[in-house]
Amino acid sequence: MGKQPKTAITPTRAEDYPQWYQQVIKSADLAEVSPVRGCMVIKPWGWSIWENMQGVLDRMFKDTGHVNAYFPLFIPMSFLEKEAEHVEGFAKECAVVTHHRLEPGPDGGLVPAGPLEEPLIVRPTSETIIGSMYAKWVQSYRDLPIKINQWANVVRWEMRTRMFLRTAEFLWQEGHTCHATEEEALEETRLMLDVYADFAENTMAMPVIKGEKTADERFPGAVSTLTIEAMMQDRKALQAGTSHFLGQNFSKAQDITYQDQAGELQHAWTTSWGVSTRLVGALIMTHSDDDGLVIPPKLAPSHVVILPIYKNDEQRSVVLEYCDQLQKQLKEQTYEGEQIRVIMDDRDIRGGEKKWYHVKRGVPIRVEVGPRDIENGNVFMSRRDTGESNGVSRDEFVTQVGTVLTEIQSSLFDQALKLREDNSRTIDTLDEFREYFTPVDKDAPEIHGGFASSHFCEDAPEVQKVLGELKVTTRCIPLDQGQEPGTCIFSGKPSTGRAVFGKSY
RNA sequence: CGGGGUGUAGCGCAGCCUGGCUAGCGCGUCUGGUUUGGGACCAGAAGGUCGCGAGUUCGAAUCUCGCCACCCCGACCA
């Protein structure tokens with residue numbers, strides 16, 4: 001055996017964060033680039049994480065009174081044109097379908113034929129097509145509210161793509177609701193933000209800041225956009241979910257009207273909210289380490305992997321039998337009200353290789369079982385998050401496995417929260433702000449301060465200038481912290497509150 | 001779309017500047033053997049349109065031009 005690398009992933013996070021990210025995805029077999037530019041293939045292990053996310057979110061949506069439905073992939077181009085800001089926001093990145101047939105071309109290939117009368121766009125989001133249906137469905141105040149969610153793919157022709165974080169096609173859910181009053185729609189917007197924050201923190205073990213976007217970061221066509229912002233391990237911010245209060249902008253553009261109790265015709269109030277497969281990227285960048293992926297137990301496709309260890313056929317049958325029993329016992333245990341997910345890896349490959357395979361894929365708990373363990377009634381357990389491993393009695397392990405998973409889940413959250421807290425600062429002078437966001441090392445520009453909480457005023461031109469220079473953006477105006485008046489650090493003008501600033505994805 | 005980089009075996013890379021015989025290396029794979037609480041060791045083997053297309057040349061992985069893809073930085077965004 002040659003010299004061992006210290007870490008399973010090269011380069012390490014400190015050496016080259018973007019490369020590390022790519023390597024984690026590859027090593028954990030989450031996804032691959034596809035033959036189609038900007039699009040990715042999500043492989044079974046990665047898909048399974050997304051599936052688990054969907055499962056939890058879907059339950060949460062239903063618990064808050066939403067139902068699922070499905071609307072078309074294609075949207076008539078004219079629909080997009082109805083809401084002015086919406087057009088401006090999305091027109092640049094739309095894929096357009098102009099033909100409905102292919103015919104043999106002169107060079108033996110195929111050429112598009114049968115031009116469409118009206119081009120179709122591939123949905124970049126579905127406000128317009130869903131709104132057009134809502135306009136038909138809504139007549140009376142008795143028809144409201146409508147609270148529909150759809151799980152779908154969308155296409156945004158991005159210039160620059162990154163696995164999971166930004167791909168031309170991505171998967172998401174989009175909730176679209178329609179209400180009789182402004183208050184109710186605002187409440188919905190806020191409620192769904194809470195659902196997202198709850199999901200991020202309690203399921204993904206990823207702490208987030210809930211806040212409102214400034215005007216320039218707002219969803220095209222929205223009156224206000226609420227967001228959850230998370231800090232990745234390179235201290236950059238990632239927008240992890242958004243909830244939009246659309247006011248009457250879309251209902252006016254699309255004529256979604258109802259008769260109120262007085263018989264008056266009113267425009268409805270709408271919201272929309274979504275999270276995407278980007279969350280898988282967020283998960284990777286929040287928890288993974290230099291040995292590969294780390295998955296919080298609540299989302300892990302497998303909670304426990306059993307690795308049988310044996311030397312010969314005689315031991316093999318004994319060990320496999322024992323592991324089989326162990327697996328059955330473990331499956332009788334529960335975690336978060338569900339059966340523990342256990343896999344046994346009895347592939348005929350060497351133990352070390354097998355171990356690292358599962359380390360890189362982020363299985364929360366590994367159990368190695370060999371003849372000696374069996375003799376002593378033990379198992380050898382390792383935790384993926386801390387790397388600690390020790391022999392414990394089989395019975396103890398079986399009864400404690402749920403508890404250990406709970407510990408891992410909360411320890412991952414604590415660790416992520418600590419990273420954010422250690423890299424967040426309240427800043428009250430422009431000099432300190434500049435210093436904070438100027439990279440220590442020009443060749444590793446990702447090493448910078450983190451989050452800054454500072455007073456600012458939205459309309460001052462100085463703000464954009466400084467932010468542009470430093471490549472910093474306003475992440476959000478936090479909702480949960482009390483806002484006190486102060487002085488804008490950029491312009492010196494009076495400010496009504498602080499915003500969180502950071503470099504972002 | 002602008003700047004930079006990369007593209008050579010499944011993966012990671014060397015070779016390119018200063019063109020030259022059958023294009024190498026590490027890991028992995030296959031076969032045989034030795035091992036066995038651990039990403040093993042020895043021997044042998046398989047595996048390559050050197051991203052694609054033109055050009056220069058007696059000869060191109062190597063030089064020139066064009067194109068494509070990916071990565072990083074920017075503009076834009078979930």
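Just so it is clear, the model here is predicted, and its values are computed rather than measured. Labels below follow one simple rule: chain letters A, B, ... track the order of the sequence lines, proteins then strands, and each chain is numbered from 1.
Stem regions for RNA chain B, each three or more consecutive Watson-Crick or G-U pairs with both distances under 3.5 Å and listed by first number, read B:1-7 with B:68-74, B:10-13 with B:24-27, B:29-34 with B:40-45, B:51-55 with B:63-67.
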Name the atoms and distances for all side-chain donor-acceptor pairs under 3.5 Å in residues 367-379 of chain A, with sequence neighbours left out.
unit_1, atom_1, unit_2, atom_2, d
A:Asp373, OD2, A:Gly370, N, 3.0
A:Asn376, ND2, A:Arg372, O, 3.1

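Judged by distance alone, the side chains of A:Asp216 and A:Thr214 do bring a donor and an acceptor atom under 3.5 Å apart. Remark: the A:Thr473 side chain and the A:Glu217 side chain contain no N/O donor-acceptor pair separated by less than 3.5 Å. For the residue pair A:Thr189/A:Ser243, the side-chain donor-acceptor check at 3.5 Å is not satisfied.
The shortest side-chain heavy-atom distance between A:Phe164 and A:Leu283 does not fall under the 4.5 Å cut-off.
You can call A:Phe170 stacked on the base of B:A78; the centres are under 5.5 Å apart and the planes sit within 30°.
Nucleotides B:G24 and B:U31 have their P atoms positioned 25 Å apart, rounded to a whole Å. Distance check on atom C1': B:A69 versus B:G28 gives 25 Å, rounded to whole Å.
Residue pairs meeting the ring-ring contact (aromatic ring centres under 6.0 Å, His included) criterion with at least one member in residues 202-240 of chain A, sequence neighbours excluded: A:His86-A:Phe219, A:Phe90-A:Phe219, A:Phe219-A:His244.
Across B:G37, B:G39, B:G74, the shortest atom-to-atom separation from the side chain of A:Phe380 is found for B:G37. The listed nucleotides are B:G39, B:G37, B:A75; the one nearest the side chain of A:Arg372 is B:G37. Side-chain proximity of A:Met159 to B:A75, B:G39, B:A78: nearest is B:A75.
Mapping A:Val369 and A:Leu165 onto RNA chain B by nearest heavy atom places A:Val369 closer to the 5' end of the strand. Map A:Ser504 and A:Tyr310 each onto its nearest nucleotide of RNA chain B; the residue landing nearer the 5' end is A:Tyr310.
Here the P atom of nucleotide B:G39 and the CG atom of A:Leu307 are 13 Å apart, to the nearest Å. In this structure, A:Ile9 atom CD1 and B:C27 atom C1' are separated by 15 Å, rounded to whole Å. The interatomic distance linking A:Glu375 (CD) with B:G37 (P) rounds to 14 Å, in whole Å.
The ring-ring contact (aromatic ring centres under 6.0 Å, His included) test applied to A:Phe456 returns A:Phe501, not counting sequence neighbours. With sequence neighbours left out, A:Ser288 forms a side-chain hydrogen bond (donor to acceptor under 3.5 Å, both in side chains) with no residue at all. Among residues two or more places apart in sequence or in another chain, the salt bridge (Lys or Arg N to Asp or Glu O under 4.0 Å) test is passed with A:Lys92 by none. Every salt bridge (Lys or Arg N to Asp or Glu O under 4.0 Å) that A:Glu229 has, sequence neighbours left out, goes to A:Lys213, A:Arg475. Considering only residues two or more places apart in sequence or on other chains, A:Lys62 meets the salt bridge (Lys or Arg N to Asp or Glu O under 4.0 Å) condition with A:Asp58. Residues that satisfy the side-chain hydrogen bond (donor to acceptor under 3.5 Å, both in side chains) test with A:Gln23, not counting sequence neighbours, are absent from this structure.
A:Glu353 comes within 4.0 angstrom of the backbone, heavy atoms only, and of no base. At a threshold of 4.0 angstrom between heavy atoms, the contacts of A:Lys471 are confined to the sugar-phosphate backbone, with no base atom among them. Residue-level contact check: A:Gly370 touches the bases, meaning some heavy atom is under 4.0 Å from a base atom. Within 4.0 Å of A:Thr225, counting heavy atoms only, lies no atom of the nucleic acid at all. Among the atoms of the strands shown, base atoms are found under 4.0 Å from some heavy atom of A:Tyr505. Note on A:Thr242: nothing from the nucleic acid sits closer than 4.0 angstrom, heavy atoms only.
Figure legend: A:Arg278 and A:Tyr505 shown without cation-pi pairing, the cationic atom not lying both under 6.0 angstrom from the six-membered ring centre and within 45 degrees of its axis. For the pair A:Arg347 and A:Tyr357, the cation-pi test (distance below 6.0 Å, angle within 45°) is passed.
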Below 3.5 Å between N/O atoms, which protein atoms pair up with nucleotides 9-14 of chain B? Just atom names and distances, please.
unit_1, atom_1, unit_2, atom_2, d
B:G12, OP1, A:Lys26, NZ, 2.9

Could I get a table of every N or O pair under 3.5 Å where one atom is in the protein and the other is in nucleotides 67-72 of chain B?
unit_1, atom_1, unit_2, atom_2, d
B:A69, OP1, A:Arg37, NH1, 3.1
B:A69, OP2, A:Arg37, NH1, 3.0
B:C70, OP1, A:Gly38, N, 3.2
B:C71, O2', A:Gln19, NE2, 3.0
B:C72, OP1, A:Arg162, NH2, 3.1

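Checked against the 6.0 Å centroid criterion, the rings of A:Phe437 and A:Phe433 qualify as a close aromatic pair.
Residues from residues 194-220 of chain A that place a heavy atom under 4.0 Å from any atom of RNA chain B: there are none.
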